[in-house]
Amino acid sequence: MRPTHQLPLMGLLLFSLIPSQLCKICEVNERVHFHLDPLLDTMIQPKYTSVTQTASVLLSLRLVGIQNQNQTILKEFSQQVRNTVERRGLDLSSGQLAMVILALGACHTHDESFIFNQHLLSHLENKFKAELENMEEHNGNPLTNYYQLSLDILTLCLFNRTYSTATVAKLFAPENKNYYLGGQFSVDTGAMAVLALTCVSRSLKEQPKAQEENLQRIDNHIRSLVKKILSEKKENGLIGNTFSTGAAMQALFVSSKYYSESEWNCQETRNTILNEISQGAFNIPAAAAQILPALLGKTYLDVTKDSPCNSPISIPVPPPVTTSSPSLISVHYSVKIDQTYSINVRVPSGSVFLDVMKEAQKENRTLFRFTVEQSEWGPYITSVQGLNANNNDRTYWELLSGGKPLSQGVGSYVVHNGDNLEVLWSKY
Ligand code: B12
Ligand SMILES: *[C@@H]1O[C@H](CO)[C@@H](O)[C@H](O)[C@H]1NC(C)=O
Ligand SMILES: *[C@@H]1O[C@H](CO)[C@@H](O)[C@H](O)[C@H]1NC(C)=O
Ligand SMILES: *[C@@H]1O[C@H](CO)[C@@H](O)[C@H](O)[C@H]1NC(C)=O
């Protein structure tokens with residue numbers, strides 16, 4: 001079902017004008033580019049522990065055009081990504097592979113030939129098929145999640161590969177349960193789906209009438225998803241939470257015909273984000289990488305654009321690190337399955353959730369043993385007391401403090417004296 005590409009001049013004009021026009025409204029002004037320095041500081045690190053971390057940072061830096069400024073650091077990142085693919089190849093999840101392809105494909109560098117020599121796009125097609133098969137066998141649950149299925153479609157679409165538009169139209173209907181995590185509409189997921197569906201819709205519009213019905217359905221999905229995303233807008237302009245706002249901004253940049261100007265004040269969202277940056281909210285690479293493109297008016301749909309990746313911003317000199325000697329604090333920690341298993345532990349101030357879990361594990365391995373997997377966002381808890389999270393059953397280990405779900409992971413959440421921390425066996 002490979003789309004044929006006869007691009008009428010009008011389509012080309014619309015395609016290239018609409019998104020960039022809209023972005024200008026809200027891009028961070030050149031005079032205040034220094035606001036972005038903390039993001040770049042966070043991302044320019046020599047070694048990452050997970051391939052998605054490296055890939056998402058590489059993608060982000062290339063999209064905003066750091067490319068032409070300092071080749072050294074980007075060459076290292078691209079080398080790291082390629083090495084991992086050569087070593088682990090088919091061992092990646094579908095969305096991880098998609099992310100790798102987007103990162104290597106961005107800005108038309110020599111990495112493009114790596115994508116083709118290694119047949120990464122055919123591998124991605126197979127991984128996407130495996131996601132669909134899993135959904136059939138396991139009650140509509142994919143191997144991973146809809147954020148990754150969206151990344152898959154986005155990538156296949158940007159690189160003009162095969163996928164069934166009828167399947168896409170069916171799969172991405174806004175009432176699908178996979179848009180919801182723990183009963184909540186996932187803004188990250190909806191936003192990534194809007195980017196993917198927008199790419200599909202644009203490429204369908206370049207074709208003759210044959211696919212009219214699917215096109216209509218896909219455009220309707222985009223419209224509903226944009227509505228849902230906007231309904232998650234908070235008073236201060238954030239959409240969902242701090243960490244979903246970047247993806248939401250990208251989705252809104254490319255879908256401006258589905259909402260009116262009065263429905264979204266882009267500047268307000270941007271200003272709140274700049275304020276959060278100055279408070280250190282984006283102090284892990286994944287968070288920094290996901291917000292940066294939107295602040296410079298870029299979206300993942302720009303990955304395969306022909307325009308050169310020139311950047312108005314430059315890499316800052318890293319600030320000196322200051323350390324102070326820590327004192328001990330005391331926190332309460334529980335593991336909840338059907339029963340609750342609790343312990344009080346003492347850790348140095350400045351410790352994160354993970355340090356508390358390690359301390360508890362030292363005290364009693366039977367009750368508090370756990371395993372982690374490195375991911376884009378740092379360590380992800382995969383099992384506690386030997387009980388494993390499972391996507392087929394939609395189970396996971398939820399993190400809470402004072403009874404409220406955390407919006408950060410165990411590697412980032414800094415604990416406070418007297419905190420009441422929990423890991424809770426949950427369903428999403
Ligand atoms: C799907 C998803 C989940 C699923 C994961 C299982 C599944 N079916 O895939 C579920 C619902 C279980 C989940 C759980 C959590 N999530 Co989540 N999740 C996502 C989402 C939408 C997509 C992740 C993805 O596939 N990425 C793409 C692939 C290519 O990258 P990857 O590294 O291979 O992906 C894996 C990791 O991202 C991991 N993962 C998912 N969530 C989190 C959170 C953290 C902190 C870590 C370290 C890893 C992790 O699961 C992915 C699949 O294996 C992201 C949104 C985003 N912007 O990334 C939020 C997101 C990453 N999650 C987030 C959070 C906070 C959590 C929780 C900590 C919530 C809680 N209070 O318990 C827990 C994790 C607890 C733990 N066990 O360590 C935040 C992280 C923000 C931050 N600053 O750290 C995000 C950005 C959402 C948001 N906007 O707030 N999540
Ligand atoms: C580029 O980055 C490398 C490594 O971070 C550094 O050694 C080099 O001096 C930088 N070059 C320029 C021109 O900024
Ligand atoms: C995909 O097809 C479009 C339209 O023909 C073309 O402009 C674009 O460069 C192609 N992209 C890739 C990555 O081949
Ligand atoms: C761990 O806790 C269990 C259950 O309370 C207890 O039986 C066991 O003795 C404890 N082990 C250690 C090493 O304290």
Side-chain angles (χ1 to χ4, degrees), residues 3-7 11-12 15 50-53 55-56 92-100 102 105 108 112 115 121 141-152 157-161 178-182 184 186-192 202-203 206 238-248 281-284 286-287 289-291 303-306 341 343 353-354 357 362-368 370 372-384 389-392 394-401 404-413 422-424 426-428:
T4 54
H5 293 281
Q6 305 164 311
L7 195 63
L12 215 165
F15 191 87
S50 102
V51 67
T52 33
Q53 233 169 18
S56 78
L92 300 171
S93 73
S94 73
Q96 290 177 339
L97 180 59
M99 184 70 92
V100 159
L102 291 176
H108 302 289
E112 258 180 339
I115 297 176
L121 288 157
N141 300 332
L143 285 170
T144 61
N145 55 60
Y146 256 35
Y147 184 90
Q148 296 200 29
L149 265 64
S150 303
L151 275 172
D152 300 345
C157 172
L158 285 174
F159 288 88
N160 298 334
R161 295 293 290 212
N178 289 299
Y179 286 113
Y180 295 83
L181 301 176
Q184 268 273 73
S186 162
V187 170
D188 308 77
T189 306
M192 199 52 77
R202 284 177 181 179
S203 80
E206 292 164 13
L238 291 183
I239 307 168
N241 67 13
T242 305
F243 307 107
S244 53
T245 299
F282 295 90
N283 62 359
I284 62 171
Q290 290 194 12
I291 195 70
V303 161
T304 50
K305 263 205 183 145
D306 285 331
Y341 309 88
I343 188 172
F353 201 131
L354 185 66
M357 294 179 75
K362 259 191 230 157
E363 297 283 330
N364 191 324
R365 252 198 80 76
T366 318
L367 299 183
F368 299 115
F370 67 94
V372 297
E373 214 166 70
Q374 282 306 323
S375 80
E376 191 186 347
W377 293 87
Y380 176 77
I381 303 296
T382 48
S383 81
V384 180
N390 183 334
N391 288 355
N392 287 336
R394 305 191 108 212
T395 50
Y396 77 114
W397 284 100
E398 186 178 16
L399 312 177
L400 304 100
S401 174
K404 289 209 192 82
L406 294 177
S407 60
Q408 289 179 301
V410 291
S412 325
Y413 180 73
E422 277 171 58
V423 294
L424 173 67
S426 297
K427 282 200 125 186
Y428 58 83

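In this text the structure is predicted, and so the values were computed from the model without any measurement. First listed ligand is number 1; within each ligand, the first listed atom is number 1.
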Would you check if [X] and [Y] make a side-chain contact, meaning some heavy-atom pair closer than 4.5 Å?
X: Q148; Y: P142; result: no
X: W397; Y: F370; result: no
X: M357; Y: V423; result: yes
X: S186; Y: Y147; result: no
X: T189; Y: N145; result: no

Mind checking the [atom1]-[atom2] spacing from [X] to [Y]? Nearest 0.5 Å is all I need.
X: Y179; Y: D188; atom1: OH; atom2: CG; value: 13.5 Å
X: T395; Y: Y428; atom1: OG1; atom2: OH; value: 7.5 Å
X: E373; Y: S383; atom1: CD; atom2: OG; value: 10.0 Å
X: Y146; Y: N141; atom1: OH; atom2: CG; value: 10.0 Å
X: N390; Y: K427; atom1: CG; atom2: NZ; value: 9.5 Å
X: L97; Y: T52; atom1: CG; atom2: OG1; value: 12.0 Å

Hey, is [atom] touched by any protein heavy atom at less than 4.0 Å?
atom: atom 21 (C) of ligand 1; answer: yes
atom: atom 29 (C) of ligand 1; answer: yes
atom: atom 59 (C) of ligand 1; answer: no
atom: atom 13 (C) of ligand 1; answer: no
atom: atom 71 (N) of ligand 1; answer: yes
atom: atom 56 (C) of ligand 1; answer: yes
atom: atom 16 (N) of ligand 1; answer: no
atom: atom 87 (C) of ligand 1; answer: yes

Please work out whether any backbone atom (N, CA, C, O) or any side-chain heavy atom from C-beta onward of I381 is under 4.0 Å from ligand 1, and answer side chain, backbone, both or neither.
both
Would you kindly specify which portion of D188 sits under 4.0 Å from ligand 1, judged on non-hydrogen atoms: side chain, backbone, both or neither?
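For D188, the contact with ligand 1 is made by the side chain alone.
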Among all protein heavy atoms, pick the one closest to [atom] and tell me residue, atom and distance.
atom: atom 69 (C) of ligand 1; answer: L406 O, 3.7 Å
atom: atom 19 (C) of ligand 1; answer: L181 CD1, 4.4 Å
atom: atom 8 (N) of ligand 1; answer: Y428 OH, 2.7 Å
atom: atom 90 (O) of ligand 1; answer: N241 ND2, 2.6 Å
atom: atom 33 (O) of ligand 1; answer: Q96 NE2, 2.7 Å
atom: atom 77 (N) of ligand 1; answer: W397 O, 2.9 Å
atom: atom 1 (C) of ligand 1; answer: N145 ND2, 3.3 Å

Out of all atoms in ligand 1, which are within 4.0 Å of some heavy atom of [X]? Include the element for each.
X: N391; answer: 6 (C), 7 (C), 8 (N), 9 (O)
X: T189; answer: 21 (C)
X: G378; answer: 47 (C)
X: Q290; answer: 56 (C), 57 (N), 58 (O)
X: F243; answer: 81 (C), 83 (N), 89 (N)
X: Q148; answer: 24 (C), 25 (O), 27 (C), 28 (C), 34 (O), 52 (C)
X: E376; answer: 30 (O), 32 (O)
X: S375; answer: 32 (O), 36 (C), 46 (C), 47 (C), 48 (C)

Any nitrogen or oxygen of [X] lying under 3.5 Å from a nitrogen or oxygen in ligand 1? Just yes or no.
X: S186; answer: no
X: M99; answer: no
X: W377; answer: yes
X: G95; answer: no
X: Y396; answer: no

Identity of the nearest option to [atom], non-hydrogen atoms only, from [options]:
atom: atom 82 (C) of ligand 1; options: S407, A98, S412, A389; answer: S407
atom: atom 5 (C) of ligand 1; options: F353, Y180, Y380; answer: Y380
atom: atom 47 (C) of ligand 1; options: P379, G409, A289; answer: P379

Would V410 count as a contact of ligand 1 if the rule is a heavy atom under 4.0 Å away?
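No, that is not the case, since the closest heavy atom of the residue is not under 4.0 Å from the ligand.
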Got a sec, which residues hit side chain to side chain contact (heavy atoms under 4.5 Å, CB included) with A98, two or more places apart in sequence or on another chain?
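Partners of A98 by the side chain to side chain contact (heavy atoms under 4.5 Å, CB included) criterion, ordered by chain and then number, come out as L124, L151, D152, T155.
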Mind listing the N or O contacts between ligand 4 and protein, cut-off under 3.5 Å?
| unit_1 | atom_1 | unit_2 | atom_2 | d |
| --- | --- | --- | --- | --- |
| ligand 4 | 2 (O) | N364 | ND2 | 2.3 |
| ligand 4 | 11 (N) | N364 | ND2 | 3.0 |

Run L399 and F353 through side-chain contact (heavy atoms from CB on, under 4.5 Å) and show every step you take.
CA-CA 9 Å; L399 312 177; F353 201 131; 4.2 Å; yes
Spell out, as yes or no, whether a donor-acceptor pair under 3.5 Å connects the side chain of N391 to the backbone of L143.
yes
Any donor-acceptor N/O pair, T245 side chain to I239 backbone, under 3.5 Å
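Checking the backbone N and O of I239 against the side chain of T245, a donor-acceptor pair under 3.5 Å is found.
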Should you measure from each heavy atom of L158, which atoms of ligand 3 turn up under 4.0 Å away?
11 (N), 13 (C)
Applying side-chain contact (heavy atoms from CB on, under 4.5 Å), run through F282 and Q290 and close with a yes or a no.
CA-CA 9 Å; F282 295 90; Q290 290 194 12; over 6 Å; no
Short N or O distance, T304 and ligand 3, threshold 3.5 Å exclusive:
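N/O-N/O distance below 3.5 Å does not exist for this pair.
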Centroid-centroid distance, Y341 to F368, less than 6.0 Å:
no
Quick one: does ligand 3 sit under 4.0 Å from the side chain of D306, the backbone, both or neither, non-hydrogen atoms only?
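It is neither; nothing of D306 touches ligand 3.
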